[in-house]
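Notes follow once the structure below has been shown.
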Amino acid sequence: MHSETRPTMSTYIKSGRLSWSAIFLAFVLYISFSGCTCEARVHKGKGGGVVRTKGTSFVLDGSPFLFNGFNAYWMMNVASDPSERYKVTQVLQDAADAGLSVCRTWAFEDGTDGKALQISPGVYDERVFQGLDFVVAQARKYGLKLILSFVNNYKDFGGRPQYVEWARSSGVQLKSDDDFYTNPVVKGYYKNHVERVITRVNTITKIPYKDDNTIMAWELINEPRCQLDYSGRMVNAWVQEMATFVKSLDKHHLLEIGMEGFYGDTMPERKQINPGYQVGTDFISNNLIREIDFTTIHAYPDQWFSGQTENSQMAFMQRWMSSHYDDSRNVLKKPLVIAEFGKSSKDSDYNINIRNAYMNAVYRNIYMEARSGGTVGGGLVWQLMADGMGSYGDGYEIILSESPSTDRLISQQSHAMTTLSQSLRTGAQNVPVNQAREIESDQGTGDHPLVAPDRHANHAHTRKGSRNAGP
């Protein structure tokens, strides 16, 4: 906060040296000056001020912030072509109309692809960066908050493998992609990219990213994994170093890791919650790092338990969410976001009713946990897309204009979370009973209603990469 003391109107009036016309002119200039300086300092968009955390809750402009959101990883990539930007606008407008208020998307694409943001270490395609500028500017226009991820764990869009390959090409001896977490050269590449994104000045809004309240949070890496050390300690050291680095550049925004939620060695009894294996992360120790502001989990029981019934998959989902709710609230004492969940259309017996019922159950779980004073802030469904984007589809895509029933479901959850935020803002201890009944009626009550035959998923490898869920 700037500490310089500005003269007040009373200073001028008490001096007795001004006529009333001069006083009026001074008043106008004073108000204009004050307004300009405040805007330059705060940079509030349509979506309000900066999102912060208070204990295990999110707050926005000093009030509780509960949200419904979505993923749209493809936005910068599509927006790099000005003739395709209408697709970004369409999805953001449709999302805002459905009451969605948070969008998670990529601030990376690494490699020699024609739409790569970072072509080689430190070398960027300005055209693609301007695509990201457009995404941020449009999110600001429609009042949405963004979570921006810095790098992928997988080879899709470059990711860790590309960083390691760049270092090898420069003569660095590396054994595996897991050297991403320990090699000084590779870590230097990553830090350079982080700094370039955070300090970027938007060519459309003219606001530096680090000062733009459109951005809710930074994400260190999408779904970190490490085969060299399943305990989570190697990833933990990397998270500590990079989280400290991010905060040295930007103390304004929140920071999260990008984790799926797998447990490691810190609480061995929790490993039984994992879907049968570990991935080299530790939900507890990784998120205990002071610079990490909130926790995340991803959930794909249709992938992790593809041969089991819908009821079995949902039973796992309930345990997965409940366990992480408890640990975020009681151990980590930080808010939790269900940062990815969805249902794939590539299952042989898929239909939209199954998807809607699954989303219903997840939404109801989020809502009821938040309503009971829990630590969950909201959920981000994977993923929204526009018409004519088949190459970006992975089976989980939702086109709101083509799925009115899913659109209604999403809108109901958005309304429920907004109403709950308002109730908390006014100091109500509980949402009115009729509101709870409305949500429970819309979203099902008691046991999860899905009953379906066993099925075996056959999901293709996606550009996003997160569906490579096996060990």
Taken in chain and number order and not counting sequence neighbours, the residues that satisfy side chain to side chain donor-acceptor pair (under 3.5 Å) with E397 are none

So does K191 have more than 12 non-hydrogen atoms from other groups sitting under 6.0 Å from NZ?
yes

Taken to the nearest 0.5 Å, the spacing of M76 CE from L148 CG works out to 10.0 Å

- May I ask you to decide if the ring planes of Y392 and W74 are parallel, tilted or perpendicular, using 30° and 60° as cut-offs? tilted

Worksheet item: Do F157 and Q162 come within less than 4.5 Å of each other through their side chains, counting heavy atoms only?
Response: no

Per salt bridge (Lys or Arg N to Asp or Glu O under 4.0 Å), D327 is matched among K334, R270, K333 by R270

Sorted by chain and number, sequence neighbours left out, side chain to side chain donor-acceptor pair (under 3.5 Å) with S101 holds for none

Problem - Test: D265 and K271 ion pair at under 4.0 Å - result: yes

CG (D133) and OG1 (T205) are apart, to the nearest 0.5 Å, by 7.0 Å

key: Charged N-O contact under 4.0 Å between D282 and R233   = no

With side chains defined as the heavy atoms from C-beta onward, is the minimum distance between Y367 and L66 less than 4.5 Å? no

- Query: Is the closest side-chain heavy-atom distance between V246 and E291 below 4.5 Å?
  - Reply: no

*asked:* Distance to the ring centre below 6.0 angstrom and angle to the axis at most 45 degrees; does that hold for R200 and F129?
replied: yes

ask   = Do the non-hydrogen side-chain atoms of F67 and V337 ever get within less than 4.5 Å of each other?
value = yes

Close side-chain approach of T182 to W238, heavy-atom, < 4.5 Å:
no

